[in-house]
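Computed over heavy atoms, backbone and side chain alike; hydrogens, waters and symmetry mates excluded. Counting convention: from 1, in listed order, for ligands and their atoms alike.
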Amino acid sequence: QQAPPPPPAGMRPPPPGMPPPPGFPPPPRGNLPPPPPWAPPPHSDAPPLPAVSPVSPSQPTSDAPTNNSAATPLSTPASPASPVAAAPAPSPTTATETPQTPSNANADTAVTGPDKPPRATSILPWLLLLALAIVLLAWRASLRRSQQLALETERLSRQQRFLKSAHNQLQEKSQQLKKLSMHDPLTGVLNRQAFAAELRERIDHLSRYSQPLNLIMLDLDNFKTINDRHGHLVGDAALGLVTGVVREQLVSDDLFGRFGGDEFMIACAGRSLEDCATLANAIRTAVSAQSGSLTPPIPTLTLSMGLAQANANSGYMPDELFARADAALYAAKQRGRNCVVVADDGIPAMPVMNVPRRHL
Ligand SMILES: Nc1nc2c(ncn2[C@@H]2O[C@H](COP(=O)(O)OP(=O)(O)OP(=O)(O)O)[C@@H](O)[C@H]2O)c(=O)[nH]1
């Protein structure tokens with residue numbers, strides 16, 4: 001920085017706020033900030049006034065030249081009214097350094113000077129930075145929370161899919177178990193309990209409309225002999241053949257079940273007794289005709305059947321219907337097997353008396 005010109009000989013720097021005397025060199029503006037817009041324009045005939053020193057007015061300034069030679073020339077101006085005026089004038093060396101200090105002194109006084117506006121413009125950027133940092137932190141926290149929520153949603157979605165799949169599998173297993181519990185494992189037809197439950201429901205429903213329901217009891221003839229002669233596997237095959245033939249003859253609304261051993265039951269709703277007797281005979285004939293298809297062929301494979309009907313006259317009691325059909329079956333056996341007997345008022349009395357009654 002270029003050294004300011006020395007004051008003329010015999011002249012001292014002006015006190016603060018006082019214009020320098022004519023001929024006094026203006027203080028350099030080297031590092032001084034440009035004057036604020038509100039600052040009055042400098043007089044053309046006087047140098048700009050230096051800023052007020054941060055040194056308190058009450059602070060003695062007599063020793064200022066030795067302690068702070070940089071601020072001395074501006075903060076401790078010699079004044080005739082001040083005791084400082086008695087102080088010796090600064091040496092030429094001090095005077096030479098004096099012009100270098102106003103820049104720092106002015107910078108300090110710009111901050112705390114009572115007659116200067118506050119440095120709002122220098123605080124504003126920091127406030128903006130602080131606000132920006134707060135916004136960034138909030139945004140980052142929000143982003144992190146969003147990511148956590150997305151992960152949680154994905155985890156719950158996976159669990160939901162897993163539970164839905166498990167639920168479907170359980171439902172499937174439940175259906176399989178229900179089917180197993182209702183059907184005969186060998187032939188696949190309804191077992192006795194399922195058939196009886198369904199028969200009771202149908203009888204109850206048909207009784208409201210006075211509609212008939214026919215029940216056929218069928219039994220393989222001399223099945224024990226077939227088993228003994230050909231083995232139980234062949235006997236099983238014979239049971240399968242009978243089951244297939246019956247299924248072919250039935251309509252979808254008919255019920256078919258295995259009572260146990262070599263005994264089966266068929267329930268037909270909405271048909272006359274005669275139609276059902278025709279159906280039973282068709283089944284019997286078909287089994288005889290197909291018995292040669294077994295391995296080995298079993299030409300002795302025949303069926304005996306008993307048929308009974310529940311209607312408005314006979315009443316709609318499942319056990320009584322079953323007993324009459326069973327008695328008719330017994331009568332068919334008594335008549336030489338391989339035949340169908342229809343229960344009527346005369347038939348049930350005798351077989352039921354001789355055969356222990358079985359119930360659905
Ligand atoms: N192969 C096989 N045999 C069975 C099964 N269930 C029962 N049986 C046999 O079926 C036979 C049934 O014989 P019964 O009904 O008592 O008499 P039947 O020999 O058929 O003589 P009738 O009925 O008087 O014509 C028995 O020998 C049982 O062991 C089965 O699931 N498979």
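In terms of protein heavy-atom proximity, atom 32 (N) of ligand 1 is closest to Asp236 OD1, 2.8 Å. Counting only heavy atoms of the protein, atom 6 (N) of ligand 1 lies nearest to Gly261 CA, 3.4 Å. Distance from atom 11 (C) of ligand 1 to its nearest protein heavy atom, with residue and atom name: Phe223 CD2, 3.8 Å. Among protein heavy atoms, atom 25 (O) of ligand 1 sits closest to Asn222 N, 2.8 Å.
Those atoms of ligand 1 that come under 4.0 Å of a heavy atom in Lys224, given as number and element, are 13 (O), 18 (P), 19 (O), 20 (O), 27 (O). Interface of Leu220 with ligand 1, defined as ligand atoms under 4.0 Å from a residue heavy atom, comprises 20 (O), 23 (O), 25 (O). If you number the atoms of ligand 1 from 1 as listed, the ones under 4.0 Å from a heavy atom of Asp221 come out as 25 (O). Close approach of ligand 1 to Lys333 is summarised as follows: ligand atoms under 4.0 Å from at least one heavy atom of the residue are 22 (P), 23 (O), 25 (O). Within ligand 1, the atoms closer than 4.0 Å to a non-hydrogen atom of Gly235 are 1 (N), numbered from 1 in the order shown.
At a heavy-atom distance under 4.0 Å, no atom of Leu233 approaches ligand 1. Of all the heavy atoms of Asn227, the ones lying under 4.0 Å from any atom of ligand 1 belong exclusively to the side chain. When heavy-atom distances to ligand 1 are checked against a 4.0 Å cut-off, Leu239 comes that close only through its side chain, counted from C-beta outward.
Distance check on atom 15 (O) of ligand 1: some protein heavy atom falls below the 4.0 Å cut-off. Proximity of atom 20 (O) of ligand 1 to the protein is indicated by at least one non-hydrogen atom lying closer than 4.0 angstrom.
By the 4.5 Å heavy-atom criterion applied to side chains, Ile216 and Met265 are not counted as neighbours. With contacts defined as side-chain heavy-atom distances shorter than 4.5 Å, the pair Leu213/Arg202 qualifies. Within the 4.5 Å cutoff, the side chain of Leu239 has heavy atoms near those of the Phe223 side chain.
Shown are Arg161, Gln160, Glu154; of these, the side chain to side chain donor-acceptor pair (under 3.5 Å) with Ser157 is made only by Arg161.
Here the side chain of His230 pairs no donor or acceptor atom with the backbone of Ile226 at under 3.5 angstrom. In terms of modelled atom types and a separation under 3.5 Å, the side chain of Ser142 and the main chain of Ala138 share no donor-acceptor contact. With Asn191 contributing its side chain and Ser181 its backbone, the two residues share a donor-acceptor pair below 3.5 Å.
Atom 31 (O) of ligand 1 has its nearest heavy-atom neighbour, among His232, Arg258, His230, in Arg258.
The pair Arg271-Asp254 counts as a salt bridge, with a side-chain nitrogen and a carboxylate oxygen less than 4.0 angstrom apart. The residues Arg284 and Asp221 are annotated as not salt-bridged, no charged nitrogen and carboxylate oxygen being separated by less than 4.0 angstrom.
Side-chain rings of Phe322 and Phe259 approach one another, their centers coming within less than 6.0 Å.
Ligand 1 lies less than 4.0 angstrom from a heavy atom belonging to Arg337.
Considering backbone and side-chain atoms alike, Thr225 places every N or O at 3.5 Å or more from each N or O of ligand 1.
No side-chain donor from either of Thr278 and Asn281 sits under 3.5 Å from a side-chain acceptor of the other.
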